[in-house]
Each structure stands twice: as structure tokens, then as C-alpha cells.
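One structure is given here, and the rest of the page talks about it.
The first residue of the sequence shown is numbered 1, and numbering continues consecutively from there.
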Amino acid sequence: MEFIAIDFETANKHPYSACSLGLAIVSDSQIVDNPYWVIKPKPLEFSYWNIRIHGIDKVQVKNKPSFRELWPELYLYLNNQTLVAHYASFDMKVFQETLRYQGVVQPNYHYACSLKIARKVWPFFPKHGLKHVADYLGFDFLHHNAKEDAYISALIVLKAAEILNVRSLDELYSKLGLNFSKIF
């Protein structure tokens with residue numbers, strides 16, 4: 001199984017305000033890397049509520065690179081990849097809006113949603129949010145830390161693949177009757 005789990009945290013209500021990014025790189029059905037970046041959002045505006053959720057504030061990002069400055073490095077990870085996020089509509093909107101707002105070239109990718117996978121594989125769970133699924137599966141992590149959220153999202157997909165005895169994300173999605181979303 002090959003994919004990259006991705007998670008963003010935002011500085012405020014605007015989807016283009018990415019202030020942290022975590023990835024979990026999956027190769028041969030193993031998490032082989034888990035990079036993390038704190039990002040200086042543009043404009044530099046943090047809401048009280050977002051700070052309460054993830055703990056990142058202006059002081060922590062003051063000397064960090066912007067998304068645009070990080071993009072050459074991130075592009076190498078993300079172009080022509082299959083991305084996975086838990087509640088992918090949020091993370092993909094943050095990704096798209098941050099790219100657009102920063103005036104950065106759009107990469108090619110398609111994406112899957114570990115929330116949709118969890119709902120299909122474990123329909124008997126009362127809730128399917130990242131923290132709930134992680135708790136039900138016995139995964140301990142620091143929720144709303146982009147690095148850890150991406151890691152747990154990857155673990156959820158790998159556990160689902162193990163349960164369904166599939167070897168690829170394509171096979172998993174096909175078996176569950178799901179379709180990838182594509183951005184090209």
C-alpha cells in the first residue's frame with residue numbers, strides 16, 4: 001500500500017490560513033516517514049478558538065517559513081500522489097485555498113478519505129471522528145497536532161486494509177464501493 005496521509009491545522013476561520021502541516025508517508029504498507037511543518041500564515045491572524053484547538057499562535061510561527069516558501073519541498077512530497085485525510089473535504093479545501101491564496105502551482109494528485117473508510121469498515125462505531133475511531137481502535141495520540149493526526153489517519157487506512165485483506169488503496173476503495181476525488 002502506497003499513499004500519503006495529510007493533515008492541516010488553520011490559524012483562523014479562513015481555509016487559506018494553514019499554520020501547520022503533517023504528513024505520514026506510507027510505502028509497502030508501512031509508515032516510513034512522518035514530517036511536520038509549522039507554517040507562518042498570511043495574513044498573520046490567529047483566532048482564539050483555533051489557538052484553543054491546536055495550541056499554535058503567532059509567537060510559534062513568527063520565524064517560520066510561509067507556505068509559499070515551503071512549497072518547493074512540499075511539492076516533491078505531494079505531486080502525483082494519492083493523499084488521504086480524515087474528513088478529507090476539510091483538509092483538501094485548506095490545501096486548495098492555501099495554494100490559490102499563496103499563488104502556488106497546483107500539483108497533480110487524487111485523494112481518499114479515511115473518515116469514509118472508517119464509516120464503511122466499522123459502521124457499528126457510534127462516531128467516526130478521528131479521535132473516536134482512534135480510541136475504538138486503541139491508538140493513542142495528541143489530537144489536533146497535524147503530525148499525529150496524519151499518522152493516525154494512515155493507521156486507520158492500514159488497519160482497514162488489514163481487516164479486509166487488501167494490498168492497495170485502490171483495492172480498498174473498490175471493495176468498499178468508494179471513489180477517489182481527483183485534482184489535476
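Counting only distance, with no hydrogens or angles, the side chain of S17 and the backbone of N12 share a donor-acceptor pair below 3.5 Å. Here the side chain of N34 pairs no donor or acceptor atom with the backbone of G22 at under 3.5 angstrom. Between the side chain of D91 and the main chain of A85, no donor-acceptor pair closer than 3.5 Å is present. Remark: side-chain polar atoms of K131 are not paired, donor with acceptor, to backbone N or O of H143 under 3.5 angstrom. Remark: the backbone N or O of H144 is paired with a side-chain donor or acceptor of D149 at under 3.5 angstrom. In terms of modelled atom types and a separation under 3.5 Å, the side chain of E2 and the main chain of S29 share no donor-acceptor contact.
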One pair to check against side chain to side chain contact (heavy atoms under 4.5 Å, CB included): L74 and V104. What are the steps and the verdict? CA-CA 11 Å; L74 298 175; V104 177; over 6 Å; no
Going through the distances and angles, do K42 and F67 end up as a side chain to side chain contact (heavy atoms under 4.5 Å, CB included)? CA-CA 9 Å; K42 179 183 170 187; F67 187 86; over 6 Å; no
Candidate pair W122 and L137, rule side chain to side chain contact (heavy atoms under 4.5 Å, CB included), full reasoning: CA-CA 10 Å; W122 301 284; L137 296 176; 3.9 Å; yes
Between Q102 and S66, does the side chain to side chain contact (heavy atoms under 4.5 Å, CB included) criterion hold? Intermediate values first, please. CA-CA 9 Å; Q102 296 280 328; S66 70; 4.3 Å; yes
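Taking 4.5 Å as the limit, some side-chain heavy atom of P107 sits within range of a side-chain heavy atom of L99. Between F3 and D170, every side-chain heavy-atom pair lies at or beyond the 4.5 Å cut-off. By the 4.5 Å heavy-atom criterion applied to side chains, Y136 and P126 are counted as neighbours.
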Just distance, no hydrogens or angles: give the donor-acceptor pairs under 3.5 Å from side chains in residues 53-65, sequence neighbours left out.
residue: H54; atom: ND1; partner: N50; partner atom: O; Å: 3.4
residue: H54; atom: ND1; partner: I56; partner atom: N; Å: 3.0
residue: H54; atom: NE2; partner: T10; partner atom: O; Å: 2.7
residue: H54; atom: NE2; partner: N50; partner atom: O; Å: 3.2
residue: D57; atom: OD1; partner: V59; partner atom: N; Å: 3.1
residue: D57; atom: OD1; partner: Q60; partner atom: N; Å: 3.2
residue: Q60; atom: OE1; partner: D57; partner atom: N; Å: 3.0

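Expressed to the nearest 0.5 Å, how far OH of Y111 lies from CG of L169 amounts to 13.5 Å. To the nearest 0.5 angstrom, I6 atom CD1 is 9.0 Å from I25 atom CD1. Between atom CZ of residue F141 and atom CG of residue D135 there is a gap of 7.0 Å, rounded to the nearest 0.5 Å. Distance check, rounded to the nearest 0.5 Å: OG of S114 to CG of L130 gives 6.5 Å. With rounding to the nearest 0.5 angstrom, the CG atom of L78 is 7.0 Å from the CG atom of L21. The line from CG of N79 to OH of Y109 is 11.0 Å long, rounded to the nearest 0.5 Å.
Cluster annotation: L115 is not connected to I156 through the hydrophobic network of ILVMFWY side chains, with a link wherever side-chain heavy atoms come within less than 4.5 Å. Residues V94 and W49 do not share a hydrophobic cluster, clusters being chains of Ile/Leu/Val/Met/Phe/Trp/Tyr side chains in contact below 4.5 Å. V84 and L23 are not part of a single hydrophobic cluster, where members link through side-chain heavy atoms under 4.5 Å apart. Linking ILVMFWY residues whenever their side-chain heavy atoms come closer than 4.5 Å, directly or via other members, leaves Y36 and Y75 in distinct clusters. Residues I51 and W37 do not share a hydrophobic cluster, clusters being chains of Ile/Leu/Val/Met/Phe/Trp/Tyr side chains in contact below 4.5 Å.
The minimum heavy-atom distance linking A18 with I39 is given by the pair O-CG2, 3.6 Å. Across all their heavy atoms, V26 and A154 have their closest contact at CG2-CB, 3.9 Å. Of all non-hydrogen atoms in A118 and H86, the two that sit nearest each other are CB-CE1, 4.5 Å. Contact between F125 and H128 at its shortest, heavy atoms only, is O-CE1, 3.1 Å. Between C113 and Y173, the shortest heavy-atom distance links the atoms N-OH, 2.8 Å. Considering all non-hydrogen atoms of both residues, Y77 and I4 come closest at O-CD1, 3.0 Å.
A parallel orientation is assigned to the rings of Y87 and F90, their planes being inclined by less than 30° (bins at 30° and 60°). Using bins of under 30°, 30° to 60° and over 60° for the plane-to-plane angle, the ring pair Y101/Y16 lands in the parallel bin. Note on ring orientation: taking the six-membered ring where Trp is involved, the planes of F95 and W71 are tilted (angle from 30° to 60°).
Atom NZ of K159 is surrounded by 12 or fewer heavy atoms from other residues, nucleotides or ligands within 6.0 Å.
Side-chain contact of Q96 with Q106: a donor-acceptor pair under 3.5 Å is present, judged by distance alone.
Screening D140, D7, L142 for a side chain to side chain contact (heavy atoms under 4.5 Å, CB included) involving E148 leaves a single residue, L142.
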